[in-house]
Structures are given as C-alpha cells and as structure tokens.
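Notes to accompany the following structure.
Order of listing sets the numbers, starting from 1, for every ligand and every atom in it.
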Amino acid sequence: MASSSGTFSFDRRELSRFLYDLYDYEPKMLRRLISARPYVCPFDEIERHVPQGARLLDVGSGNGALLAILLAAGRIREAVGCDVHEGALVSARTATGRTGQGGQVAFRKIDGFEDLPGEQFDVVTMIDVLHHIAEKDRARAVDQSLERVAPGGIFLFKDMVEGPYWRRLAHNLDDYIFSGEWVTQVKTAELRKQVLNSGFDLVEDMEIPRLWYGNTLLVFRRVSK
Ligand SMILES: C[S@@+](CC[C@H](N)C(=O)[O-])C[C@H]1O[C@@H](n2cnc3c(N)ncnc32)[C@H](O)[C@@H]1O
C-alpha cells in the first residue's frame, strides 16, 4: 500500500508474494520457506519502524530478505548487510539486485561481530540472529552492534519469545530441523537492561504472535548528545 511519504507498506500476503517472485532462482523448497517467512516473522512491523531515507546496517542479514523488502518499500537510502555465511550473502546480492535498487546496498562477509563496519548508521537491525550466538558471547555481540548506532539512531532487535513453553518448543523444533541447532532463547529482560544501560531509550516493546511462534520486537533510540 502506498503512503503520502512515497514509501510503501506491504501486508503479510503481499510480502510473501514479493519474496516468492524475488527468490525464483532458489530451489523450490527454499523458495517456499522464504516466502512463508512473513507469516512467521513480523517484517511488516519491522519495516514501519525504519525511518524513510535511513542508512541501515543489518547484522546477520542472511539471504537479504529484510533489505530487499526495505528497498522495494522505498524506506532506505543505503544499507550494508553483514553475515558469516557466504552462501547467504550470494543469494542476498542476487535478490536485492533484482529489486532494481541493488546499487544502494552492499553485503560483506564477516568472521564475527568485531568485523562489523567501523562507521555508524541511522538504524542497526538484528533480526533472529542472537539466539544463534553462544550465550557467553551474546552481550559482546549486542555491544558491538550498539557501537554502530549513530546518536539519535535506532537499534531494532527481533528475536523469538522465551515463553510460553509451546511457543518456545515450536521455535526450538524449527531451528533444529532447519539449522541442526537446539538453540536457547534470548533473555529479553537482560538484553533490554543492557541496551538501556548503554545510553538508549526504549521506544517500543512488543510481543507479536504469529501462528505457533512468538516474536519479541524491541525498538531503542540512542540518546543524542
Ligand atoms: C535465522 S538467520 C536470520 C537472517 C536474517 N536476519 C533474517 O531475519 O532473514 C540467522 C543469521 O545469523 C547469521 N549469523 C550467525 N552468527 C553470526 C555472526 N557471528 N555474525 C553475523 N551473522 C551471524 C547466520 O549466518 C544467519 O544468516
């Protein structure tokens, strides 16, 4: 749907269709999984928290679905996506290139969060990444991401809920089937405290149920000096 600001907001069905068409070079099963993601992951909610014209860093960008959506929605001026997985980055470059605005994004292979770009961004996103990181390394990963947020900028964090147990189980089984990992959920209260203690205000704190999954979406703004 078009808005007066020149951006577009997509509903879940439109996002699913968009991703299905965009990733038509992927094997059929993977293509279907990618296009099912908007019914599980609240890309629609994430999108509306990105200010128009933002310069954005996507930490753990995977196959680039978020950046492709933001480009197509006219939200972002420029973006960098970073991931440890080269195969995902190859797909991300292809997908965003097919939006016709691929020149506005760059994807970088990193070996860890310390390799994130040195500069600061208007928005830093971390979507479904932290539960893949060993618990002992999570606080440092968050710190390294926060360092990349410019004063007045936004840290947009999305992960899976800690409970109830059946939503947690759904998430665990999903990750076990698709990534072979039995993950541990992010402790949201600890994360919230860490970010608030790092000079950020909490702008939005949402729990978003989707099918049998549950999402925690936290939006922080760095206090301007
Ligand atoms: C569940 S996927 C989410 C991808 C993407 N953010 C999305 O929502 O579509 C998790 C991603 O985190 C990446 N990842 C894992 N450890 C990482 C690290 N240390 N630095 C950057 N990315 C990492 C994985 O390679 C994977 O692409």
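When side chains are defined from C-beta on, Val124 does not count as touching Leu56, because their heavy atoms never get closer than 4.5 Å.
Remark: Tyr165 engages no residue in a ring pair (Phe, Tyr, Trp, His ring centres under 6.0 Å) (not counting sequence neighbours). Remark: Phe43 pairs with no residue by the ring pair (Phe, Tyr, Trp, His ring centres under 6.0 Å) rule, at least two apart or across chains.
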Pick out the protein N or O atoms lying less than 3.5 Å from any N or O of ligand 1, and list each pair with its distance.
residue	atom	partner	partner atom	Å
ligand 1	6 (N)	Gly60	O	2.7
ligand 1	6 (N)	Ile127	O	2.8
ligand 1	8 (O)	Arg37	NH1	3.2
ligand 1	8 (O)	Arg37	NH2	3.0
ligand 1	8 (O)	Ile127	O	3.4
ligand 1	9 (O)	Arg37	NH1	2.6
ligand 1	25 (O)	Asp83	OD1	2.5
ligand 1	27 (O)	Asp83	OD1	3.4
ligand 1	27 (O)	Asp83	OD2	2.7

Donor-acceptor pairs under 3.5 Å, side chain of residues 203-211 to any protein atom, not counting sequence neighbours: which ones?
residue	atom	partner	partner atom	Å
Glu204	OE1	His49	NE2	2.6
Asp205	OD2	Arg192	NE	3.0
Asp205	OD2	Arg192	NH2	3.1
Arg210	NH1	Pro38	O	3.3
Arg210	NH1	Asp44	OD1	3.3
Arg210	NH2	Asp44	OD1	3.3
Arg210	NH2	Asp44	OD2	3.2

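The shortest heavy-atom contact between Cys82 and Leu57 is SG-CD1, 4.0 Å.
Between the side chains of Asp83 and Ser61, no donor N or O sits under 3.5 Å from an acceptor N or O.
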